[in-house]
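Below is one structure, written out as structure tokens; comments come after it.
Keep in mind the model is a prediction, meaning the values are calculated, not measured. In each ligand, atom 1 is the first atom listed, and ligand 1 is the first ligand listed. Throughout, residue positions are numbered sequentially from 1 according to the sequence presented.
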Amino acid sequence: MTNSTDDLQTRIDTLARAPVPPGRLQIGGRHVAGEGGEAEVISPIDGRVLTTIATAGAADVDRAVAAARAAFEDGRWSRQPPAARKAVLMRLADLIDAHALELAVLGVRDNGTEISMALKAEPGSAAATFRYYAEAIDKVTGEIAPTAAGVLGLVHREPVGVVGAIVPWNFPLMIGAWKVAPALAMGNSVVLKPAETASLTLLRLADLALEAGLPPGVLNVVTGPGHITGEALALSRDVDVLVFTGSGATGRRLLEYSARSNLKRCYLELGGKSPNIVFADAPDLAAAARAAATAIFRNAGQVCVAGSRLLVEASVQEPFLAELVAATGAMRVGNPLSLATQVGAVNSDGQLQGNLRFVRDARAEGGRVVTGGERVLADTGGYYMAPTVVADVAPAHRLFREEVFGPVLAVTPFTDEAEAVRLANATDYGLAAGVWTANLSRAHRMVRAIRAGVVHVNTYGGADITVPLGGVRQSGNGHDKSLHALDKYTDLKTAWIQL
Ligand code: NAD
């Protein structure tokens, strides 16, 4: 390690020893207890209690929604001049940067993401996201329609009102910012419900937002279990739009809650079983193998766009597998607070047991475990799993069809481009994909043929805030990121004026 890495590691270790105060709800700009009491937060690093968070019951959620509604209606934020809203969100981005290390370490202790990745993907992305949407505030305009003479058709873009946002435990700050920043930028109020195993950084974000000058009540945070706190938010009759990232099972429930309450619009960012397709003519097979390992194993596979199905041309399968196993073996699994760690902890014991079940089922169905397959570092008390590669996975196998959301890669060979497309699309999901080929025409054909929200070519992952992220089929609807995300947080209103 270099001196500066040593210094950074020392600062991380110091922050990681600090006690974490209990998390309270934030409603109307005040920290309050939840009517459901408190729940322990278990750190996946060592399986020990890190702190507690409040459990918000239905009455707490109603209070948070009422605070958001009052803030929206009196215009303390929604009717501020664009330049004033922009200044607040810019200040918030600066505060996130100023507290980046503290936020990253807190998040890692809460959810187990490796710190090297958390630093970039969590406070780093969140600050960039707030800046991006702050910059957009005074550049997004309405329209004048091309009507016949004698009338004037104006199209106004208005905030929707109260936005409910429910987010998952992987990358809570980044995904939270993808929802909160465009919602606030357009003048809405927000009630945010983090995942119960990753609430701490989003509670800090709400504090920083107040410090930046966001008026109280505009951003409220309610913590607690999905089936209590999340359900109450999704059933609220005073939430206008619900934005969600998480599993398909929860997404289905949210649509039901919407139907049972006020028909609120629901935008769902769900799971994936994304194909990473390697053709024999890839420009550099060794580089593709290293990227295939990172595409699935970073953050212990807990990445929605993870390349979890490797489709590899049969003629190069065995040499490619050898490169892949070598690249996988070189990835360091361990304490996510170490800068040297490349594969951190699995988020919870339940998630770890689910991952191991997938491997058992894959073996039973005829899959060949080439490397990994077991829990490691159990003596730490934490939840760690060896990066796992399973070859000979057929389309009928569970591992081919279902999202693991863990460090388990399914490998399936193909013989030609048509079969690669067939296999890639043989899934209910449609979130992401990768294609490795030096043939430009083939690359373009594949981009068109694959049903997914993003197709990476000769790389995997890493897309920035300027491009949309959203799924097709059962990976969801609507988009996070880019200016397209603003459509979720605005209504169009027509003024038709006789001249
Ligand atoms: P999850 O669906 O279990 O939980 C997500 C959120 O929903 C949490 O806040 C949870 O408390 C809440 N929730 C759970 N049950 C609820 C209910 N009945 N009513 C209301 N809210 C409820 O998902 P998870 O395990 O936290 O996250 C992993 C999933 O998220 C994976 O499927 C992953 O692919 C997906 N994901 C998708 C994207 C994307 O951009 N498409 C990004 C990250 C993660």
Among all the protein's non-hydrogen atoms, which is closest to atom 44 (C) of ligand 1, and how far away is it?
Asn170 OD1, 3.4 Å
Is it true that Arg109 and Asp46 make a salt bridge, defined as a side-chain N closer than 4.0 Å to a carboxylate O?
no
Nearest non-hydrogen protein atom to atom 13 (N) of ligand 1, with distance, is Gly226 CA, 3.4 Å
Between Trp169 and ligand 1, find which residue part has any heavy-atom pair under 4.0 Å and reply side chain, backbone, both or neither.
both
Can you name the residues that form a salt bridge (Lys or Arg N to Asp or Glu O under 4.0 Å) with Glu211, not counting sequence neighbours?
none
How far is atom 31 (C) of ligand 1 from its nearest protein heavy atom, and which residue and atom name does that atom have?
Glu403 OE1, 3.4 Å
Just to be sure I'm reading this right: ignoring hydrogens, which of Ser247, Ser308, Gly246 gets closest to atom 3 (O) of ligand 1? Compare them by their nearest heavy atoms.
Ser247
Sidechain N-carboxylate O distance under 4.0 Å for Asp240, Arg69:
yes
Of all the heavy-atom pairs spanning Tyr383 and Gly47, show the shortest one and how long it is.
OH-CA, 3.7 Å
Among Phe171, Phe405, Phe244, Trp178, closest by any non-hydrogen atom to atom 28 (C) of ligand 1
Phe405
Give the atoms of ligand 1, by number and element, whose distance to some non-hydrogen atom of Gly230 is under 4.0 Å.
19 (N), 20 (C), 21 (N)
Is ligand 1 less than 4.0 angstrom away from at least one heavy atom of Gly251?
no
Ala345 backbone acceptor or donor facing Gln302 side chain under 3.5 Å:
yes
Need the ligand 1 atom indices (1-based, order shown) with element for anything under 4.0 Å from a heavy-atom of Pro194.
9 (O)
Measuring from the heavy atoms of Tyr257, does anything fall under 4.0 Å of ligand 1?
yes
Any idea which part of Thr229 is under 4.0 Å from ligand 1, heavy-atom wise: side chain, backbone, both or neither?
neither
Would you kindly specify which portion of Leu431 sits under 4.0 Å from ligand 1, judged on non-hydrogen atoms: side chain, backbone, both or neither?
side chain
Strictly under 4.0 Å, does any heavy atom of Leu254 approach an atom of ligand 1?
yes
Taking Asp480 first and then Lys179, would you say they form a salt bridge - that is, a charged N and a carboxylate O separated by under 4.0 Å?
yes
